[in-house]
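Naming convention: chains lettered A, B, ... in sequence-line order (proteins, then strands); numbering from 1 in each chain. Given the structure is predicted, the values throughout are model-derived calculations rather than measurements. Side chains included, hydrogens not; waters and symmetry mates left out as well; all remaining heavy atoms used.
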There are 2 protein chains.
Amino acid sequence: MMDKAYIQQLLEVDKEPVKLTEKKAAILTKAIENFAKYGYAATSTSEIAKQAGVAEGTIFRHYPSKKDLLMAIVKPGILQLAVPYFAEQMIEEVFHSEEVDLEGLLRVFIYNRISFVKKNVQMIRIILQEVAFHPEIQQVFKDIFVTKIYPTVKERLESLQQKGKLKELPIDTSIRFILSTVLGFIFHRYILTTEPVLNEEQEVDYVITLIFHGLQPNHTKG
Amino acid sequence: MMDKAYIQQLLEVDKEPVKLTEKKAAILTKAIENFAKYGYAATSTSEIAKQAGVAEGTIFRHYPSKKDLLMAIVKPGILQLAVPYFAEQMIEEVFHSEEVDLEGLLRVFIYNRISFVKKNVQMIRIILQEVAFHPEIQQVFKDIFVTKIYPTVKERLESLQQKGKLKELPIDTSIRFILSTVLGFIFHRYILTTEPVLNEEQEVDYVITLIFHGLQPNHTKG
DNA sequence: TAAAAAAGTGAGTAATCACTCACTTTTAAT
DNA sequence: ATTAAAAGTGAGTGATTACTCACTTTTTTA
């Protein structure tokens, strides 16, 4: 069960604390629960109100429409999903350091995203399910990827390529390969299945090895 | 635009030709279009009837409920998606031959799935979007994977491992790695984006190389 | 502490929902 | 040609939908 503090930190994007009344937090909590479980279209505002112990009018006092309620949940969720909290930590310390190490870089990235996914399964389910139907959500994704993620990753991978530490593939192919492998693993182990992952370290090691060997230049061997 | 012949072959699972009236085909066509575009829950039966040029009662003459209509579309779709039409061709000729070649095997698999996805983007969109909300759909998936796909693939990969042609990873990790890479590529290039893939052969080659090198045992080099 | 602003309420509304059913039309079987 | 079955119809059903609004309660501000 989510509490007010969780909702609060979820909506916090620019570090400015978000002020929430108890009822507003209850609305968001139940909206997230139901959107994740039944989907946005199949969840009624009356059901959210009932579960949150709130009059239906209260929802529309805070959110002009049902879609505004969805976007209030999804937008900060995407920001936190796509732009890791640890951005400074990782991009500064690991990513921008001279001694770029693909393995170490991957390890930080994977563990960070695993811990985020673990804490936000419902939110991620909502985003995955609704992104197909709402162009606004797609736009948020596109903006973040194009302006923040892609340029940084591209720069670093190109640098690795120039140093001969990476296969000479088109950069987009390399990025897709890494993302497919990592996200495929996370999706399978933390979203699709529900049993806890026991030997997490071992499994992450496998993923890293697969990517590492896949992207290894032909003339060397790690 | 879909025609009756397309719908007919889509529903054909056991090679027995499915008999369809014009109106029934129109209902299925418009249902697929709308479910793919707006989602199952956000599509009304009245809208389907209107677009198909049919009375709303006609839908319920053929399908007892809206959900039955969805399942009539989705179930054969999953069967065709998960159990490749070329099953005999591939599994017999390539998969069960003594000279097992991971690269050739992957190539046949990838091209086959690409051509299927190209022809059935809408159907695949529906399945991806609705699988989360309908346990029946999940069960269909699970059954097919557990009984048909997993055992065959497992057997072949283990055989490759024993011959020293594959990394000694847990078999599930290898399967997930291959599926993530292949499906990640197909999803990105044929479902997520709409522009036609120009240098398809080249891109498929990259995917195969990445998987091949990723799964290459440590002591040899391809 | 008085006034203003914000939060919360719940009965009410028009529209839409999936679905029914008595009926007509078309097709297939004898 | 007659009959029976299947296909198709469309007005009608009660339930539910997102949302409104006049009103009360609580909180904040001056």
Open item on the list: What I want to find out is whether B:K154 reaches B:D172 closely enough, with some N-O distance under 4.0 Å, to be called a salt bridge.
Closed with: no
Task: Counterpart residues, ring pair (Phe, Tyr, Trp, His ring centres under 6.0 Å), relative to B:F145 (two or more places apart) - done: B:Y150
What protein N or O atoms touch nucleotides 8-10 of chain C N or O atoms at under 3.5 angstrom, if any, and at what distances?
{"unit_1": "C:dG8", "atom_1": "OP1", "unit_2": "A:T21", "atom_2": "OG1", "d": "3.4"}
{"unit_1": "C:dG8", "atom_1": "OP2", "unit_2": "A:H62", "atom_2": "NE2", "d": "2.7"}
{"unit_1": "C:dG8", "atom_1": "N7", "unit_2": "A:R61", "atom_2": "NE", "d": "3.0"}
{"unit_1": "C:dG8", "atom_1": "O6", "unit_2": "A:R61", "atom_2": "NH2", "d": "2.9"}
{"unit_1": "C:dT9", "atom_1": "OP1", "unit_2": "A:K23", "atom_2": "NZ", "d": "3.0"}
{"unit_1": "C:dT9", "atom_1": "OP2", "unit_2": "A:A55", "atom_2": "N", "d": "3.1"}
{"unit_1": "C:dT9", "atom_1": "OP2", "unit_2": "A:T58", "atom_2": "OG1", "d": "2.8"}
{"unit_1": "C:dT9", "atom_1": "O4", "unit_2": "A:R61", "atom_2": "NH2", "d": "3.4"}

TODO: Can you tell me the distance, in whole Å, between the CG atom of B:L20 and the C1' atom of C:dT27?
DONE: 16 Å
Task: Test salt bridge (Lys or Arg N to Asp or Glu O under 4.0 Å) applied to B:R61 - qualifying residues, sequence neighbours left out - done: none
TODO: Please identify each residue that fulfils side-chain hydrogen bond (donor to acceptor under 3.5 Å, both in side chains) with B:E47, with sequence neighbours left out.
DONE: B:Q51
- [ ] Determine which pairs satisfy ring pair (Phe, Tyr, Trp, His ring centres under 6.0 Å) with at least one residue from residues 41-78 of chain A, sequence neighbours left out, and list them in order.
- [x] none
Task: Length of the line joining B:F60:CZ and D:dG12:P, which is rounded to integer Å - done: 18 Å
Task: For B:K119, all residues meeting salt bridge (Lys or Arg N to Asp or Glu O under 4.0 Å), sequence neighbours excluded - done: none
Open item on the list: If you take any heavy atom closer than 4.0 Å to DNA chain D, which residues from residues 43-52 of chain A end up in contact?
Closed with: A:T43, A:S44, A:T45, A:S46
TODO: Could you tell me the separation between the CG atom of A:L70 and the P atom of D:dA18, rounded to a whole number of Å?
DONE: 12 Å
- [ ] Please tell me which of A:A41 and B:K19 maps to the more 5' nucleotide of DNA chain D, matching each residue to the nucleotide holding its nearest heavy atom.
- [x] B:K19
TODO: Not counting sequence neighbours, list each pair that qualifies as a ring pair (Phe, Tyr, Trp, His ring centres under 6.0 Å) and has a residue in residues 116-143 of chain A.
DONE: A:Y40-A:H134
Task: Whole-Å gap separating P (C:dC17) and CG (B:L69) - done: 15 Å
TODO: Figure out the OH/C1' separation between B:Y63 and C:dT20, and round it to whole Å.
DONE: 19 Å
TODO: Please list, chain by chain and in numerical order, all residues satisfying salt bridge (Lys or Arg N to Asp or Glu O under 4.0 Å) with B:E158, sequence neighbours excluded.
DONE: none
